[in-house]
Every structure is written in structure tokens, then in C-alpha cells.
Amino acid sequence: MIKKVIYPGTFDPLTNGHLDIIQRSAAMFDHVVVGIAASPSKNTMFTLDERVALAGQATQHLSNVSVQGFSGLLIDFVKQEKVDILIRGLRTTIDFEYEFGLTNMYRRFAPKLESIFLTPTEEYMFLSSSIVREVAIHGGEISEFVPPAVAKAIAQKVKS
Ligand code: ADP
């Protein structure tokens, strides 16, 4: 039986922390779908299409990883993909509180859905898309925190 999992998020944009979790998942499961939420309420820096393209470029080297955008509820996307395992990244206890709440909510709608939490390598423990965006907007160097294609795309966004 092929074990397919979904790693969902907004990925605005994908960072090396996300990539770390994707690589760990890809080593554990047959197929990993990076599910990129439209998240219209989040007022994202990158459009859904841009976020999908950037994540696709960053994961090109991983043959069992695919990237898909979705709008609407994650639970519906999970059902559509016929997946019963979600991957989430855990950094600090702040993530834990938030993720714990989400997991309980998901269970109400999809009782068989399990969430697996993975932690990144120590150097990415405090890395987030929002910090990367903030640093870039103020002219800081972000190339050590994101894949090269993302660094280039942010530089272009900030310029425009
Ligand atoms: P969301 O909008 O769902 O919080 P994000 O795109 O910010 O989406 O993050 C997607 C997932 O990746 C979440 O589970 C989040 O906790 C995790 N994550 C974000 N940054 C990191 C990181 N540096 N290391 C590990 N996991 C991370």
C-alpha cells in the first residue's frame, strides 16, 4: 500500500525550515504532497500560483514530492486526495498550542485523520516565513534562510 501524506501550509514563501520538514517526510513516506492553501484572509506577499511555483522549484530534486495549491477547507483537500496523514512542523511551544488546537478541530471533521509532527534541525527552529518577509522588506540578507529561487523572487517583489 502506498503511503501518501499531505504537508499543508501557506508557504508565503517556502523557507529552508519547510524544506527540512519536506525532506524528513519524503524519507519516511512514499509520497508527500505539499498542499499550499490559498489563504485569502492572510494577505500574502506571493500569489497562490507564485507560492506553488516556488515550492515546486525548491523540491525539484525530491522525486516523491509534489506540490498542489488548494482553496477552501484543508479537510476537503485531504478527502479529495484520499490521504489520512497530515504532516506539520513543530518549532516551539507556541506552535504546539496552535497545532494542538488545530488537530482537535480536524478530528471533529475527519475522525480517522492523524497528524504527525516533525521538528526541524536546530538552526531552523526560529525561522518563519513572516520573519523572512520582514527582514527582506527592510533590506536584510535572507539567502541563508530560503532556497535560491525564493531569495531571487523576494528580491524582485521587494524592488517592485
Ligand atoms: P500555516 O499558515 O499553516 O501556519 P506555514 O506556511 O507558516 O503555514 O507553515 C506550514 C507548516 O510548517 C506549519 O506546520 C508550521 O508549523 C511549519 N513550519 C513553518 N516554519 C517552520 C520551520 N522553520 N521549521 C519547521 N516547521 C516549520
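Any value given below was found using the heavy atoms of this structure, including those in side chains, with hydrogens, waters and symmetry copies removed. Whatever order the structure lists ligands and atoms in, that order sets their numbers, starting from 1.
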Exercise: identify the closest heavy-atom pair between A136 and I154
CB-CG2, 3.3 Å

Taking only heavy atoms of F11 into account, list the atoms of ligand 1 that are under 4.0 Å away from them.
6 (O)

Just to confirm my output: which protein heavy-atom neighbour is closest to atom 24 (N) of ligand 1, and how far is it?
P120 CG, 3.2 Å

Roughly how far, to the nearest 0.5 Å, is OG1 of T92 from CD of E97?
10.0 Å

Side chain, backbone, both or neither: P8 near ligand 1, heavy atoms under 4.0 Å:
backbone

Can you tell which part of Y7 has a heavy atom less than 4.0 Å from ligand 1: side chain, backbone, both or neither?
side chain

Looking at R133 and S128, would you say the former's side chain and the latter's main chain have a donor-acceptor pair under 3.5 Å?
no

Other residues, nucleotides and ligands only: do more than 12 of their heavy atoms fall within 6.0 Å of CG on N43?
no

Would you say the side-chain atoms of T10 pair up with the backbone N or O of A37, donor to acceptor, closer than 3.5 Å?
no

Indicate, with yes or no, if I85 and L62 share a hydrophobic cluster defined by side-chain heavy-atom contacts under 4.5 Å among Ile, Leu, Val, Met, Phe, Trp and Tyr.
yes

For atom 19 (C) of ligand 1, find the nearest protein heavy atom and state the residue, atom name and distance (0.1 Å precision).
H18 NE2, 3.3 Å

For L127, take its heavy atoms, then give the atoms of ligand 1 lying under 4.0 Å from any of them.
20 (N), 21 (C), 22 (C), 23 (N)

Atom indices of ligand 1, in the order listed, that fall short of 4.0 Å to a heavy atom of R88
3 (O), 13 (C), 14 (O)

Need the ligand 1 atom indices (1-based, order shown) with element for anything under 4.0 Å from a heavy-atom of K42.
1 (P), 2 (O)

Is it true that a side-chain atom of T93 and a backbone atom of F96 form a donor plus acceptor pair closer than 3.5 Å?
no

Which ligand 1 atoms, with their elements, are less than 4.0 angstrom from a heavy-atom of D95?
16 (O)

Between D30 and K3, is there a donor-acceptor pair closer than 3.5 Å when you use the side chain of the first and the backbone of the second?
yes

For ligand 1, note which part of R91 has a heavy atom under 4.0 Å away: side chain, backbone, both or neither.
side chain

Using a strict cut-off of 4.0 Å, indicate which atoms of ligand 1 neighbour a heavy atom of G89.
14 (O), 15 (C), 16 (O), 17 (C), 26 (N)

T10, portion touching ligand 1 at heavy-atom distance under 4.0 Å
both

I need the atoms of ligand 1 closer than 4.0 Å to a non-hydrogen atom of I21, numbered in the order shown.
25 (C), 26 (N)

Candidate pair I137 and M45, rule side chain to side chain contact (heavy atoms under 4.5 Å, CB included), full reasoning
CA-CA 11 Å; I137 285 168; M45 175 183 250; 4.0 Å; yes

Close approach, A37 and ligand 1, non-hydrogen under 4.0 angstrom:
no

